[in-house]
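Here is the structure we will look at, set down as structure tokens.
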Number of protein chains: 2
Amino acid sequence: MDAEAIKRSLEGSGLRCTPQRYAVIEFLMEHNRHPTAAEIFEAVNRVDPRSSRATTYNNLRDLVQAGLVREVAVEGRAARFDAKGMRHHHFICDRCGNVEDIEWYDVPRPASGSLGQRILRECELIFRGLCTKCATRHASR
Amino acid sequence: MDAEAIKRSLEGSGLRCTPQRYAVIEFLMEHNRHPTAAEIFEAVNRVDPRSSRATTYNNLRDLVQAGLVREVAVEGRAARFDAKGMRHHHFICDRCGNVEDIEWYDVPRPASGSLGQRILRECELIFRGLCTKCATRHASR
DNA sequence: ATGTCACATTAGATATAATCTAAATTCTTG
DNA sequence: CAAGAATTTAGATTATATCTAATGTGACAT
Ligand SMILES: [Mn+2]
Ligand SMILES: [Mn+2]
Ligand SMILES: [Zn+2]
Ligand SMILES: [Zn+2]
């Protein structure tokens, strides 16, 4: 996705395309590493230091609300973020907390009876276990 | 599950059955409200056996590690806990953050190719949207 | 029964993550 | 340009969770 397309998707969500906001979503689209807010803050300030911590958090919140970015809560660790490109599932490592993409496949929805009056927005499938690096280290001990 | 059974399941996991630890798991088994650590701390201290905040957190960590309790990370809010009784899925409300149980049904595993060298421990299915209370309030506005 | 030692608890300090505040800046629109 | 809305900012503040070092407890060997 090029600069113009990012700009359009921001404005299509009613968000101004500010340098700080653009830097956040551009960074997320270039990396599929699921960085934390702190990592994003550092990364965008390494290039051109002009975004405060509050702005980074504000923009992440706005981008999540606009549906352009996904937040992944990880137990006992800082939240992680990724740009919502192609649909995919997530694998979260028990040991190191890293979040990795897993190829998407369809998930059966619950019977409407078990949902009751609730309004379902999305089903999220999360896999847990040991990532490749931790599994290798685990085996050799 | 009665007191003796709780005691056995603790000791089966190599954990002493202390009054503080017992109070935590007993509270989680009696309530399926998915309380936060702070709520559990307050609840167990309303009755007799006193327990410090550190002990409450320590015991929750030990119980999760032993596989008797599940921790549910919720974006932007404190983690929530439940006793692992019957298998079930979770619904997390976008608006109020409440976690609710959804009847269990089997989840298809990913193709082994997309897992690579990773070691899969569990698949967790999470539903998101508006809980009954928030959906009702949402409709009437 | 007594001693020993690993396990467990405690109060308070500390660390980490995220949000809030109020003032300044930038953008958009008329 | 003027005016108002949106955005950014530094730093303070809150919320959540963990750490520390001293103390307590109980299982078990003797
Ligand atoms: Mn992802
Ligand atoms: Mn539950
Ligand atoms: Zn790992
Ligand atoms: Zn709700």
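Reminder, nothing fancy here: chain letters follow the sequence lines and each chain counts from 1.
As judged by a 4.0 angstrom heavy-atom cut-off over every strand, Ala54(A) is placed among the base-contacting residues. The residue Arg21(A) sits close only to the backbone: its heavy atoms come under 4.0 Å of sugar-phosphate atoms, none of a base. Counting non-hydrogen atoms under 4.0 angstrom, Ala79(B) reaches the backbone sugars and phosphates but no base.
A close approach under 4.0 Å does not occur between any side-chain nitrogen or oxygen of Ser51(B) and OP1 or OP2 of dT9(C). The phosphate of dT9(C) has OP1 or OP2 within less than 4.0 Å of a side-chain N or O from Thr18(B). For Thr55(B) and dT10(C), the shortest distance from a side-chain N or O to OP1 or OP2 is below 4.0 Å. Phosphate contact (OP1/OP2 of dT26(C), side-chain N/O of Gln20(A), threshold under 4.0 Å): absent. Under 4.0 angstrom from either OP1 or OP2 of dA18(C) there lies at least one side-chain N or O belonging to Tyr57(A).
Rounded to whole Å, atom C1' of dT16(D) lies 16 Å from atom CZ of Arg77(A). Atoms CD (Glu42(A)) and P (dA17(C)) sit 11 Å apart, rounded to a whole Å. For Leu10(B) and dA27(D), the CG to P distance is 14 Å, given to the nearest whole Å. Rounded to whole Å, the distance from CZ on Arg50(A) to P on dT25(C) is 15 Å. Protein atom CD of Glu39(A) is 14 Å distant from nucleotide atom C1' of dT16(C), rounded to whole Å. A straight line from CG of Leu60(A) to C1' of dT7(D) spans 15 Å, rounded to a whole angstrom. In this structure, Phe41(B) places its CZ atom 12 Å from C1' of dT9(C), rounding to the nearest Å. Rounded to a whole Å, the CG atom of Leu15(A) is 13 Å from the P atom of dT28(C).
The base of dT18(D) sits with one of its N or O atoms less than 3.5 Å from a complementary donor or acceptor on the side chain of Arg53(B).
Of the two residues contacting DNA chain D, namely Ala38(B) and Asn58(A), the nearest-nucleotide position lying further toward the 5' end is that of Asn58(A). Each of Glu71(A) and Asn59(B) lies near DNA chain C, and the nucleotide nearest Asn59(B) is the one positioned closer to the 5' end. Between Gly76(B) and Arg16(B), the residue whose closest nucleotide on DNA chain C is further toward the 5' end is Arg16(B). Ranked by how close their nearest DNA chain D nucleotide is to the 5' end, Arg61(B) and Glu11(B) are led by Arg61(B).
The only option from His34(A), Arg80(A), Glu100(A) that meets the side-chain hydrogen bond (donor to acceptor under 3.5 Å, both in side chains) definition with His90(A) turns out to be His34(A). Remark: of the listed residues Ile126(B), Asp101(B), Val107(B), Val107(B) is the sole one forming a side-chain contact (heavy atoms from CB on, under 4.5 Å) with His89(B).
Taking CZ of Phe81(B) as the reference point, atom CZ of Arg33(B) lies at 13.5 Å (rounded to 0.5 Å).
Note that Arg118(A) lies outside the cation-pi zone of Phe127(B), set by a 6.0 Å cut-off to the ring centre and a 45° limit from the axis.
For the 3.5 Å distance criterion, the side chains of Asp82(B) and His31(B) fail to qualify, holding no donor opposite an acceptor.
Taking 4.0 Å as the cut-off between side-chain N and carboxylate O, Arg128(B) and Glu75(B) count as a salt-bridged pair.
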